[in-house]
Visitor: 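This structure is in structure tokens; I'll ask about it shortly.
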Amino acid sequence: MNEKIAFLLNQQINKEFYSAYLYLDMANYYDELDLDGFANYFTVQAQEERDHAMLFLKYMQINGLKVTFEEIGRPDKTYSGAVDPLLAALEHEKYVTSLINDIYHEAHAAKDYRTMKFLDWFVDEQMEEEDSANSLINRFKLFGSDPKGLYLLDQECAARVYAAPSLVL
């Protein structure tokens with residue numbers, strides 16, 4: 001495998017673990033606001049990101065590549081309102097999409113079709129992640145200022161359950 005692609009894949013493992021850490025921080029913020037449903041939403045999101053990291057890890061192992069774990073930085077976001085983590089999550093998902101696209105671009109340039117096929121699932125996943133984040137923001141903007149609306153959104157988020165990724169290696 002191309003050395004640059006292997007480097008980017010390894011970086012992605014660490015970025016996905018950071019994403020999990022970031023979403024746990026957001027869950028903690030909502031827990032402090034007693035919005036347990038939103039806390040659950042981001043706890044589930046953290047589980048997904050951890051599993052994404054594990055998929056990249058397994059892909060590298062299957063391909064005989066050395067995995068190097070880097071330090072995971074402390075989330076540096078501060079929030080002044082209940083919508084702030086939602087907005088930050090959407091921006092973060094856009095950032096992750098750009099990372100996946102960068103790896104895909106390098107794989108395409110190197111004619112690394114195996115990695116491109118592997119990344120196809122993540123391309124679809126990122127589209128879903130951005131859509132879900134955007135949808136939750138829109139509903140929050142519509143209903144979040146009304147206590148009953150906020151309660152119902154919180155209940156909806158509380159019902160979210162973790163579903164393991166469908167990508168099989």
Visitor: Can you name the closest pair of heavy atoms from A27 and T43 and give their distance?
Guide: CB-OG1, 3.5 Å
Visitor: Could you measure the distance from the CD1 atom of I13 to the NZ atom of K58? Nearest 0.5 Å is fine.
Guide: 12.0 Å
Visitor: Which heavy atom of G37 sits nearest a heavy atom of C157, and at what distance?
Guide: O-CB, 3.1 Å
Visitor: Starting at CE of M60, measure out to CD1 of I5 and round the result to the nearest 0.5 Å.
Guide: 11.0 Å
Visitor: Could you tabulate the donor-acceptor pairs under 3.5 Å formed by side-chain atoms of residues 109-127, not counting sequence neighbours?
Guide:
{"residue": "D112", "atom": "OD1", "partner": "T115", "partner atom": "N", "Å": "3.1"}
{"residue": "D112", "atom": "OD1", "partner": "T115", "partner atom": "OG1", "Å": "3.1"}
{"residue": "D112", "atom": "OD2", "partner": "T115", "partner atom": "OG1", "Å": "2.8"}
{"residue": "R114", "atom": "NH1", "partner": "N63", "partner atom": "OD1", "Å": "2.5"}
{"residue": "T115", "atom": "OG1", "partner": "Y59", "partner atom": "OH", "Å": "2.7"}
{"residue": "D120", "atom": "OD1", "partner": "Y104", "partner atom": "OH", "Å": "3.0"}
{"residue": "W121", "atom": "NE1", "partner": "S166", "partner atom": "OG", "Å": "3.1"}
{"residue": "Q126", "atom": "NE2", "partner": "E93", "partner atom": "O", "Å": "3.1"}
{"residue": "Q126", "atom": "NE2", "partner": "E93", "partner atom": "OE1", "Å": "2.9"}
{"residue": "Q126", "atom": "NE2", "partner": "T97", "partner atom": "OG1", "Å": "3.1"}

Visitor: Dump the intermediate steps for side-chain contact (heavy atoms from CB on, under 4.5 Å) on N40 and V44, then the final yes or no.
Guide: CA-CA 6 Å; N40 175 67; V44 169; 4.0 Å; yes
Visitor: Hey, quick one: are L24 and Y95 part of the same hydrophobic cluster, counting side-chain heavy atoms closer than 4.5 Å, chains of contacts allowed?
Guide: no
Visitor: Do Q11 and E70 get their side chains close enough for a donor-acceptor pair, meaning under 3.5 Å?
Guide: no
Visitor: Grab the two heavy atoms, one from A88 and one from Y79, that are nearest each other, plus how far apart they are.
Guide: CB-CE2, 4.1 Å
Visitor: Do you see a donor-acceptor pair shorter than 3.5 Å between the side chains of Y29 and K77?
Guide: no
Visitor: Charged N to carboxylate O under 4.0 angstrom, R160 versus E48?
Guide: yes
Visitor: Distance alone, cut at 3.5 Å: any donor-acceptor contact between the side chains of S80 and D84?
Guide: yes
Visitor: CG/L55 to CZ/R50 distance, rounded to the nearest 0.5 angstrom?
Guide: 9.5 Å
Visitor: Find the distance between CG (D154) and OH (Y151) and round it off to the nearest 0.5 Å.
Guide: 8.5 Å
Visitor: How long is the span from the CD atom in E130 to the NE2 atom in H92, to the nearest 0.5 Å?
Guide: 11.0 Å
Visitor: Do E32 and N28 have side-chain atoms, one donor and one acceptor, less than 3.5 Å apart?
Guide: yes
Visitor: Side chains of I137 and L90: closer than 4.5 Å at any heavy-atom pair?
Guide: yes
Visitor: Could you report the tightest heavy-atom contact between E49 and A20, atom names first, then the distance?
Guide: CB-N, 3.6 Å
Visitor: Can you list every ring-ring contact (aromatic ring centres under 6.0 Å, His included) pair that touches residues 124-143, not counting sequence neighbours?
Guide: none
Visitor: Indicate yes or no: at least one non-hydrogen side-chain atom of N14 is less than 4.5 angstrom from one of F56.
Guide: no
Visitor: Is there a path from F38 to L152 through hydrophobic residues (I, L, V, M, F, W, Y) whose side chains come within less than 4.5 Å of each other?
Guide: no
